[in-house]
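Proteins come first, then strands; the chains are lettered A, B, ... in the order of their sequence lines, and each starts at number 1.
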Number of protein chains: 2
Amino acid sequence: MLPAHEKKRRARDPERTRERLLQAAFREIHRSGFQSASIDAILAATNVTRGALYYHFESKETLGYAVVEEKVAKLTHDRWLRPMRGEGEAIDILIGVVRRIPDSPQDVRAGCPLLLLSQEMSPLDEQFRKRLERIFLDWQEGVATLLRRGKSQGTVRSDLNPNEAARFLIATVEGYATLAKNAQDAKAWKAGIRSIVGWLRSLRPDNYKRG
Amino acid sequence: MLPAHEKKRRARDPERTRERLLQAAFREIHRSGFQSASIDAILAATNVTRGALYYHFESKETLGYAVVEEKVAKLTHDRWLRPMRGEGEAIDILIGVVRRIPDSPQDVRAGCPLLLLSQEMSPLDEQFRKRLERIFLDWQEGVATLLRRGKSQGTVRSDLNPNEAARFLIATVEGYATLAKNAQDAKAWKAGIRSIVGWLRSLRPDNYKRG
DNA sequence: GGTAACATACCAATCGTTAGGTATGTTACA
DNA sequence: TGTAACATACCTAACGATTGGTATGTTACC
């Protein structure tokens, strides 16, 4: 007998259908933005029919909201929040996280979906905006918490304002991501990361030297 | 006799028609992005007809390119390049420029058009991308030139890399603009400006104190 | 058998674009 | 100077394609 995951594909598997739609919608939205994302393109990419899509999602908007909540938020969670909860020195962790952001040409050219959706949708759709804002706030809170821990452990300058520094880090990361996306050049991104790492190092106490 | 500019409006005034189309297109693109910008909306805003629009611009794309070249580039020029050519200490000039970026609720909520178009169009349309990249490069070069001047005058740290610092400034400005746009909150922008100004001050030589 | 999970066919609206015509302005020539 | 010839600057109507959405029908599974 075949292992469970290789069993003959069930004719009906609503969870899988929904997940495939979400994934395809994420890709399409990431490519074209939400407004220009085409339902037809999503259907073509998944071989799901209109009826099935509108069975799982009541409108294009709700599909978009689900993409933000379940796909975009997950990215931030996996790349930032989870690693930041690990052991180690705060600045080291942040440098590691920043360096682990995908830097392949494809990734850099595609850019950050959070950034794209913020620019496009936040003035147009309050429901979108609120969901994106939730992601930014969680991100900021995660960084600030880590910096606070660093301060209490003496590995971060005592005069640093954690919330302010967290915002600064996020702004810089997103700013360089924009420049690199516009340049369509992974080297631009890597140079940005080096600058950010340099700034992160400056958050250590003056008397705190490392190898 | 009436002054020249109040004379009865000429039935045909191609320059004025073109300029009005450009202005309305800029507004519409800034609001909706390029792909979702509606020709109908531009026509309605100007009371210009389809035929007139397609007389002045051969397609929606060329209209978009003209908006980037003649409207978006002008913004960067007026707000950054021109002030940066003035007299004075480099860091003071940069702080002044940054503080003079419009910070009304409407401006912050609308966001930076350069940012929006980069996010939306740079992976999709090389012609767009090149024109946007030109703006970013001019911007960067302007800041770098000013910082170089500051170094030679001893008002900027001698160990500073002008191009790197220029990129850092631009990335930070655009990053905070994104955060503020997503928050739809002018206070977020003003706080960002304060952080940027703080960073700019740190570019002065250690022994260089000011009032 | 009942209903959850689809599939199909179609709708009205909107998209950017163009064809075809008109009105106004300019220029060349008698 | 008058006007024929032409060019510029529009206007109107309609195009075919695509948009998101829905109503109705069918099928697989508990």
Ignoring hydrogens and geometry, is there a side-chain-to-backbone donor-acceptor pair from A:Gln127 to A:Tyr65 under 3.5 Å?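 Here the side-chain-to-backbone pair does not exist.
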Backbone N or O of B:Arg109 within a donor-acceptor pair of the B:Gln184 side chain at under 3.5 Å?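 Yes, because the side chain of B:Gln184 sits within donor-acceptor range (under 3.5 Å) of the backbone of B:Arg109.
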Nucleotide [N], atom [atom2] - distance to [atom1] of [X] in whole Å:
X       : N      : atom1 : atom2 : result
B:Arg16 : C:dT24 : CZ    : C1'   : 17 Å
A:Tyr55 : C:dA4  : OH    : P     : 6 Å
A:Asp13 : D:dA28 : CG    : P     : 15 Å
A:Leu21 : C:dA7  : CG    : C1'   : 14 Å
A:Leu53 : D:dT22 : CG    : P     : 12 Å
B:Glu15 : C:dG25 : CD    : P     : 15 Å

Within the supplied structure, the quantity of interest is the number of heavy atoms (other residues, nucleotides, ligands) at a distance under 6.0 Å from A:Arg148 CZ; does it exceed 12?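 Counting other residues, nucleotides and ligands, CZ of A:Arg148 exceeds 12 neighbours.
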Atom CZ of A:Arg27 with >12 non-hydrogen neighbours under 6.0 angstrom: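 It does not: A:Arg27 CZ has 12 such atoms or fewer within range.
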Do the side-chain N and O atoms of B:Glu174 and B:Thr178 include a donor-acceptor pair separated by under 3.5 angstrom?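 Side-chain D/A pair, B:Glu174 to B:Thr178: absent.
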CA sep, side-chain torsions, deciding dist, call: A:Trp199, A:Phe168, ring pair (Phe, Tyr, Trp, His ring centres under 6.0 Å): CA-CA 10 Å; A:Trp199 176 77; A:Phe168 196 87; 4.8 Å; yes
Contact state string [nucleotides 10-23 of chain C, B base, S sugar-phosphate only, - no protein heavy atom under 4.0 Å]: -----SBBB----B
For D:dC10, does either OP1 or OP2 sit under 4.0 Å from a side-chain N or O belonging to B:His56?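 For D:dC10, OP1 or OP2 has a side-chain N or O of B:His56 closer than 4.0 Å.
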Would one find a side-chain N or O of A:Thr17 under 4.0 angstrom from OP1 or OP2 of C:dC6?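 Affirmative; the distance criterion is met.
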Could you tell me which residues satisfy side chain to side chain contact (heavy atoms under 4.5 Å, CB included) with A:Arg149, sequence neighbours excluded, listed by chain and number?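 If we apply the side chain to side chain contact (heavy atoms under 4.5 Å, CB included) test to A:Arg149, skipping adjacent residues, the hits are A:Ile93, A:Leu146, A:Gln153.
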Quantify the bending of the helix from C:dG1-D:dC30 to C:dA30-D:dT1 as the angle between its end axes, each fitted on five pairs, to 10°.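 End-to-end axis angle for the helix from C:dG1-D:dC30 to C:dA30-D:dT1: 0°, rounded to 10°.
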Using a strict cut-off of less than 4.0 Å between a Lys/Arg side-chain nitrogen and an Asp/Glu carboxylate oxygen, indicate whether A:Arg129 and A:Glu126 qualify as a salt bridge.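 Yes, A:Arg129 and A:Glu126 are salt-bridged.
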Fit a plane to each ring of A:Phe26 and A:His30, take the angle between them on a 0 to 90° scale, and name the class: parallel (under 30°), tilted (30 to 60°) or perpendicular (over 60°).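 Taking A:His30 first and then A:Phe26, their aromatic rings sit tilted (interplane angle of 30° to 60°).
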